[in-house]
Amino acid sequence: MIAQDIIIRPIITEKSMMGAVDKKYTFEVAKSANKIEIAKACEELFKVKVAKVNTVSVRGKFRRQGQNNGGYTKSWKKAIVTLTQDSKSIEFFEGMM
């Protein structure tokens, strides 16, 4: 897989923005990606140095729409990427804070 296939999108929430101050960035990643692949993809895409990666599998939530009995949203994988202290920050998140 190439780096664009591994990192799907950034997660923009209040909690993830608080982590960006400490150089912790949150992304939705491919379900099949492991921590090593996620770290290499971040280093390649954003030209930064990754210290560690934490992953969380987020299960789909039950949702109803109208009169039907409902269904589940898709399950996905979240990665919290911590950069090294001497690494530069990711510019995309700088405009958000």
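For reference, positions follow the sequence shown, starting with 1. Just so it is clear, the model here is predicted, and its values are computed rather than measured.
To the nearest 0.5 angstrom, K24 atom NZ is 8.5 Å from I80 atom CD1. To the nearest 0.5 Å, the span separating CG on D22 from CD on Q85 amounts to 8.5 Å. One finds the OG1 atom of T73 at 10.0 Å from the CZ atom of R59 (value rounded to the nearest 0.5 Å). Atom OG1 of residue T13 and atom CE of residue M18 lie 11.0 Å apart, to the nearest 0.5 angstrom. The NZ atom of K74 sits 8.0 Å away from the NZ atom of K31 when rounded to the nearest 0.5 Å. Here K49 contributes atom NZ and L83 contributes atom CG; the two are 11.0 Å apart, rounded to the nearest 0.5 Å.
A heavy-atom distance below 4.5 Å is not found between the side chains of T55 and V29. Taking the side chain as every heavy atom from C-beta outward, V81 and F46 never approach each other to under 4.5 Å.
There is a path of hydrophobic side-chain contacts, each under 4.5 Å, that joins M1 to I7. Taken together through direct or relayed side-chain contacts under 4.5 Å among Ile, Leu, Val, Met, Phe, Trp and Tyr, V56 and I38 form parts of separate hydrophobic clusters. The cluster map of Ile, Leu, Val, Met, Phe, Trp and Tyr, joined by side-chain heavy atoms under 4.5 Å apart, puts V48 and M17 in the same cluster. Residues L45 and I8 are members of separate hydrophobic clusters, defined by side-chain heavy-atom contacts under 4.5 angstrom among Ile, Leu, Val, Met, Phe, Trp and Tyr. Cluster annotation: I90 is connected to I12 through the hydrophobic network of ILVMFWY side chains, with a link wherever side-chain heavy atoms come within less than 4.5 Å.
Summarising the geometry of N69 relative to R64, their closest heavy-atom pair is O-CG, 3.9 Å, with the distance given to 0.1 Å. When all heavy atoms of S89 and Y25 are compared, the pair lying nearest together is CB-OH, 3.2 Å.
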Mind running side-chain contact (heavy atoms from CB on, under 4.5 Å) on F27 and C42 for me, showing each step along the way?
CA-CA 10 Å; F27 299 98; C42 276; 4.0 Å; yes

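Side-chain atoms of E43 come within 3.5 Å of backbone atoms of V50 as a donor-acceptor pair (strictly under, hydrogens ignored). For the pair K23 (side chain) and S87 (backbone), a donor-acceptor distance under 3.5 Å is present.
More than 12 heavy atoms of other residues, nucleotides or ligands shown are found within 6.0 angstrom of CZ on F62. The number of heavy atoms from other shown groups lying within 6.0 Å of CD1 (I2) is above 12.
The pair K77-E37 does not meet the salt-bridge criterion, since no charged nitrogen lies less than 4.0 angstrom from a carboxylate oxygen.
In the model, K15 has no side-chain atom that pairs as donor or acceptor with a side-chain atom of T26 under 3.5 Å.
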